[in-house]
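What follows is a short report on a single structure.
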Amino acid sequence: MKNIFILLPLLFCTLGSCQNKTTRNSKQQTVINATPIEVPLKNGIAKAYFASGCFWCVEAIYESVHGVQEAISGYAGGFTDNPTYELSNTGRTGHAEAVEVLYDPEVVSFSTLVDVYFGSQNVSQVNGQGPDRGSQYRSILFYQNENQKAIILKKKEEIAKAENTTVAAEVYPFQKFWKAEGYHQNYERLHPNNPYVRNVSIPRLKRFQAKFPHLLKKNH
């Protein structure tokens with residue numbers, strides 16, 4: 001009888017975990033199947049959204065691109081309201097670390113921003129980039145209309161064929177962007193001596209800059 005009483009709580013815990021996972025999967029599927037929300041231009045500035053590993057890295061990459069006004073770190077792609085950094089790191093919010101890119105479409109196109117996206121990451125890495133692993137670091141491109149979706153899917157297909165690999169990036173309809181805590185903003189620029197920034201963020205930025213010098217702002 002002792003063994004039975006020991007096993008029953010374990011069984012219930014396992015069942016509960018399965019039910020929670022099923023619920024999260026269902027909520028995530030709702031996000032994936034949603035109708036995209038288009039963000040209107042404001043003073044001629046458009047917004048685009050990308051997730052590609054640590055947002056410190058991605059923010060710095062996009063802010064080095066000519067035509068990009070600013071990149072903001074945050075969370076997107078999930079089903080949890082008001083996500084925090086700590087909550088996102090559990091992998092249970094559905095969100096990935098993402099950036100909101102504010103850009104002038106007269107200077108740089110959405111198509112070019114997608115090129116920047118794929119050209120600054122390991123396209124085949126699943127659930128992460130470099131040393132950052134977990135669903136909160138997965139790669140996602142967000143589209144706001146069918147034209148953006150077509151651009152993303154075409155480039156994804158071309159890269160898969162050219163590099164003979166499976167491109168891990170997911171494609172989601174944009175729903176909402178949650179801005180990250182203040183201390184995450186401009187983190188790479190403000191903390192150049194942080195070990196992670198020195199060993200991961202800056203090398204990733206430099207690899208991108210070497211690959212796409214024609215896309216950079218003059219001061220980069």
Side-chain angles (χ1 to χ4, degrees), residues 47-78 80 82-103 108 112-142 159 163 165-170 172 177-220:
K47 295 181 179 180
Y49 302 87
F50 304 98
S52 177
C54 174
F55 46 28
W56 297 347
C57 304
V58 187
E59 179 188 90
I61 287 168
Y62 275 105
E63 287 193 340
S64 73
V65 175
H66 181 56
V68 171
Q69 183 183 81
E70 184 182 6
I72 298 169
S73 291
Y75 314 99
T80 305
N82 302 306
T84 63
Y85 184 63
E86 290 74 18
L87 190 59
S88 173
N89 275 341
T90 67
R92 296 180 180 180
T93 66
H95 291 294
E97 290 193 9
V99 294
E100 178 181 63
V101 180
L102 283 67
Y103 68 101
V108 60
T112 297
L113 294 180
V114 175
D115 290 336
V116 170
Y117 177 84
F118 283 122
S120 61
Q121 65 167 269
N122 175 356
V123 297
S124 63
Q125 186 171 344
V126 178
N127 276 348
Q129 281 296 306
D132 301 308
R133 309 295 174 89
S135 63
Q136 69 270 29
Y137 295 115
R138 71 193 188 279
S139 293
I140 311 173
L141 299 102
F142 297 90
I159 291 169
E163 300 189 14
T165 188
T166 299
V167 178
E170 300 174 53
Y172 281 19
F177 176 81
W178 301 89
K179 186 176 179 180
E181 297 82 347
Y183 68 90
H184 287 299
Q185 308 305 326
N186 298 307
Y187 196 92
E188 181 172 319
R189 178 171 59 82
L190 296 174
H191 304 277
N193 294 319
N194 175 281
Y196 178 91
V197 170
R198 285 203 317 266
N199 295 309
V200 180
S201 298
I202 292 176
R204 182 175 174 186
L205 174 61
K206 288 184 175 179
R207 286 195 300 272
F208 163 73
Q209 292 174 329
K211 192 173 182 180
F212 295 98
H214 58 289
L215 296 180
L216 303 179
K217 295 173 180 174
K218 290 183 179 180
N219 61 338
H220 283 77

Donor + acceptor pair across side chains of [X], [Y] (<3.5 Å):
| X | Y | result |
| --- | --- | --- |
| E100 | Y49 | yes |
| R204 | S52 | yes |
| T84 | N82 | no |
| Q185 | Y187 | no |

Taking the six-membered ring where the residue is Trp, are the ring centres of F50 and Y62 under 6.0 Å apart? yes

Taking the side chain from [X] and the backbone from [Y], do they hold a donor-acceptor pair closer than 3.5 Å?
| X | Y | value |
| --- | --- | --- |
| T112 | V108 | no |
| K217 | V68 | yes |
| Y75 | A180 | no |
| T80 | T93 | yes |
| E181 | Y85 | yes |
| E170 | I140 | no |
| R133 | G130 | yes |
| Y103 | E70 | no |
| H95 | G78 | yes |
| N194 | V197 | yes |

> When you look at C54 and Q129, which way does the side chain to side chain contact (heavy atoms under 4.5 Å, CB included) test go after all the steps?
Replying inline: CA-CA 7 Å; C54 174; Q129 281 296 306; over 6 Å; no

Value for CG (N122) from OG1 (T165), rounded to nearest 0.5 Å, stands at 8.0 Å

Output for pair (L205 CG, E188 CD), nearest 0.5 Å, gives 5.5 Å

Which heavy-atom pair separates [X] from [Y] by the least distance, and what is that distance?
| X | Y | answer |
| --- | --- | --- |
| Q136 | N89 | NE2-O, 3.3 Å |
| F208 | S64 | CE2-OG, 3.6 Å |
| S139 | Y117 | CB-OH, 3.0 Å |
| V167 | F118 | CG1-CE2, 3.7 Å |

Check against side-chain hydrogen bond (donor to acceptor under 3.5 Å, both in side chains), S73 and E59:
CA-CA 6 Å; S73 291; E59 179 188 90; 3.1 Å; yes

Can you say whether the rings of W56 and H184 are parallel (under 30°), tilted (30 to 60°) or perpendicular (over 60°)?
tilted

